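Some notes on the structure that comes next.
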Number of protein chains: 2
Amino acid sequence: MARSMHVRRPATLASLAAELGVSRTTVSNAYNRPDQLSPELRRRVLETARRLGYPGPDPVARSLRTRKAGAVGLLLTENLSYAFRDPAAVGFLEGLALACEDAGQGLLLVPANPEREDVAAVHRAGVDGFVVYSVPDDDPHLAAVLERPVPTVVCDQPELDTVDRVGIDDRAAITQIASHLIELGHRRVGVICMRLARDRNDGFVNAERQHNAHFHVQRARLEALATAFTSANVDWTSIPVVERFDHSIASGASAAAQLLDRDPQVTALICTSDILALGALGEARRRGLRVPQDLTITGFDGITESERAGLTTVRQPVLEKGRAAGKLLVNAADHHQPRTVTLSTELVIGTTSAPPRITEERWFGP
Amino acid sequence: MARSMHVRRPATLASLAAELGVSRTTVSNAYNRPDQLSPELRRRVLETARRLGYPGPDPVARSLRTRKAGAVGLLLTENLSYAFRDPAAVGFLEGLALACEDAGQGLLLVPANPEREDVAAVHRAGVDGFVVYSVPDDDPHLAAVLERPVPTVVCDQPELDTVDRVGIDDRAAITQIASHLIELGHRRVGVICMRLARDRNDGFVNAERQHNAHFHVQRARLEALATAFTSANVDWTSIPVVERFDHSIASGASAAAQLLDRDPQVTALICTSDILALGALGEARRRGLRVPQDLTITGFDGITESERAGLTTVRQPVLEKGRAAGKLLVNAADHHQPRTVTLSTELVIGTTSAPPRITEERWFGP
DNA sequence: ATGAAAGCGCTAACAG
DNA sequence: CTGTTAGCGCTTTCAT
């Protein structure tokens, strides 16, 4: 009979003890506290275990007893597999995995499909803590996590006053991009952003939607852009902002197309992620627009791919973010204040940004 | 008091029942079988729960009782974070995550550091089954998994007659590469392969080590290459094979360097992974060798990056592999035979392979 | 060095 | 629709 068919566990600690004529404690000790019994007895226990096909203490029963699951749960808003598509998310995962590995903890990816509002998976997760990575602030899965009596650390989320947090200063970071463009002379710009809420809206974003964005990171970036451009005497309400639900290169391309169709005069496209910027770059190329001579494009994240493309962007330490989140969780000390880790970012000026081309409008305009 | 400080669970199902003056069953039903009690009572239960801060049934206790953990364990031989570095592994993970998501199962990454032989994490994992991805056949973690009484599916592993399996026909796949090169006229080739065993050996590989390789996939590929070239009247023992422990672009580059230093006459470099091939490509470029005019280079996997590089390689459906593994596990039906899924591969002829340059040796040789 | 007792928190018959 | 009974398999004081 093949092993994959096993259905019931053949032996338990108790049956082993009975067989050996010793107490359950002794068998338990043989596994968990070798120093608590004679080497000889231990050897006998282990050998009998092998003979009876006893696979060692059941992990779940042990968890129940010890109140420790030995694993950290990760909640992502996207389809679970999304995480593996986005380089920034992969970097985060890698850092988190690193931290978990160091602590000997498993990492449980919780299947939290944003479509069905099925929170059960959160309730079902046998973990000692949760890391929540960039979900909308009104996500029911997040709420479910917060109800669980385990330590939690959120990442790229609004402050929650009850949980630890790790993130970057999104406003400051994107303000660097804005300042860079403003200095170069750009005034007529367009913005391409990731989804702002749980409902799909692939198109232009009005002021209200911008303001009510449920993704903290996106909202912070848009608000900071508004502030920066307003300070430069640009009417923010006149700046087209295009949103895309799916975070993909194709989305970036189609968003750029939509934006350029509506307002061919824009001299710069500010994208709130590198992935979107990469798509925009492709669309520009497709249209025969030279970057940066005809069009400036900027990103956000600093992923490897964008480095290769020479993208002007803000680099954020995604791996460190994951690692920091993991460490915070693992060292869930008896601190009585929620802790916050803010990582630093760095403006990377690549080859996709330059002063706007002098247009007729400029030469002959009013 | 911040939530991250909770240490003890304030209320249990029993205490809630007591408070309400109903039985535990009723409370349990309120959560698990809403149809088994009046809506009114259910409302009362849930509300009292909220009031008492009862977070719902403890997942671990429930798992113990139901004998279901709601998660699948993944065992990788590398450091847990390695998986996120290798595009092929990421693809596999994505497919597996997809399958898990579909089945509403969590995916637990088991921290199996190959350095320390600490098998405890495998014992500790509260999962309903395991997927084992490309570990050496003598890995103690694998042995530990096989001892656990849960269904298991291995991927890129030798047949085990006790567990389900998914993989490709590595021999056939790399034989296509070999035939391609042989047809082009290559006789003097070099091979760069991934690690063959648990011990580090960054250098040339002798026949014995080739034959005893503990990584099934690598061994199969080397053996198939030996067969193919032997059939073409090439003395396989004369063919240099360089091994690298770390699977990285840098490794590929250094391996290529080592090989070309030893035998500058080789006309083709066969790499057992795209990552290594990408490194070899870089090293060739660094040396001023034109690919494919001066040197042919081939890979294996068909990752996105290699497509961009125009690499001649064999494409294998990594995502499908993960998905197939997940499905096999989730549908751990009452089959009484271990099942095997063999996925198909496809030879991709890129721009990195061409006939060898006619050398003096050829023109004037014996 | 070993054992007895006492649950960890929950669910699943089954009976009312 | 609700309650009673009986564990799931294990660890952990506390004695001996």
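Letters go in sequence order (proteins before strands), and every chain restarts at 1. This one's a predicted model, so the numbers in the text were calculated from it and none came from an experiment. Worth knowing before you read on, the calculation uses all heavy atoms, side chains too, and leaves out hydrogens, waters and symmetry mates.
If you measure from atom CG of A:Asp58 to atom C1' of C:dG9, you get 15 Å, rounded to the nearest angstrom. Distance OH (A:Tyr31) to C1' (D:dC10): 13 Å, rounded to an integer number of Å. Distance, A:Gln36 CD to C:dT2 C1': 10 Å, rounded to whole Å. With rounding to whole Å, A:Arg62 atom CZ is found 5 Å from D:dT11 atom P.
Backbone-only engagement by B:Leu37 is indicated by non-hydrogen atom pairs under 4.0 Å involving sugar-phosphate atoms exclusively. Looking at heavy-atom distances under 4.0 Å, A:Arg33 makes contact with sugar-phosphate atoms alone, never a base. Nucleic acid contact for A:Asn29: none, since no nucleic acid atom lies under 4.0 Å from a heavy atom of the residue.
For a distance-only test at 3.5 Å, the side chain of B:Thr25 qualifies as a donor-acceptor partner of the base of D:dT4.
The side chain of B:Arg65 has C:dA12 as its nearest neighbour among C:dA12, D:dT2, D:dC10. Comparing C:dA6, C:dG9, C:dC10 by their nearest atom to the side chain of A:Arg24 picks out C:dA6.
Salt bridge annotation for B:Glu47-B:Arg50: absent, with no cationic side-chain nitrogen under 4.0 angstrom from a carboxylate oxygen.
Side-chain contact check for A:Asn32 and A:Arg62: at least one donor-acceptor pair (N or O, by modelled atom type) lies under 3.5 Å. Neither side chain, B:Asp137 nor B:His216, offers a donor N or O lying under 3.5 Å from an acceptor on the other.
The closest donor-acceptor contact from the side chain of B:Asp128 to the backbone of B:Ala69 lies under 3.5 Å.
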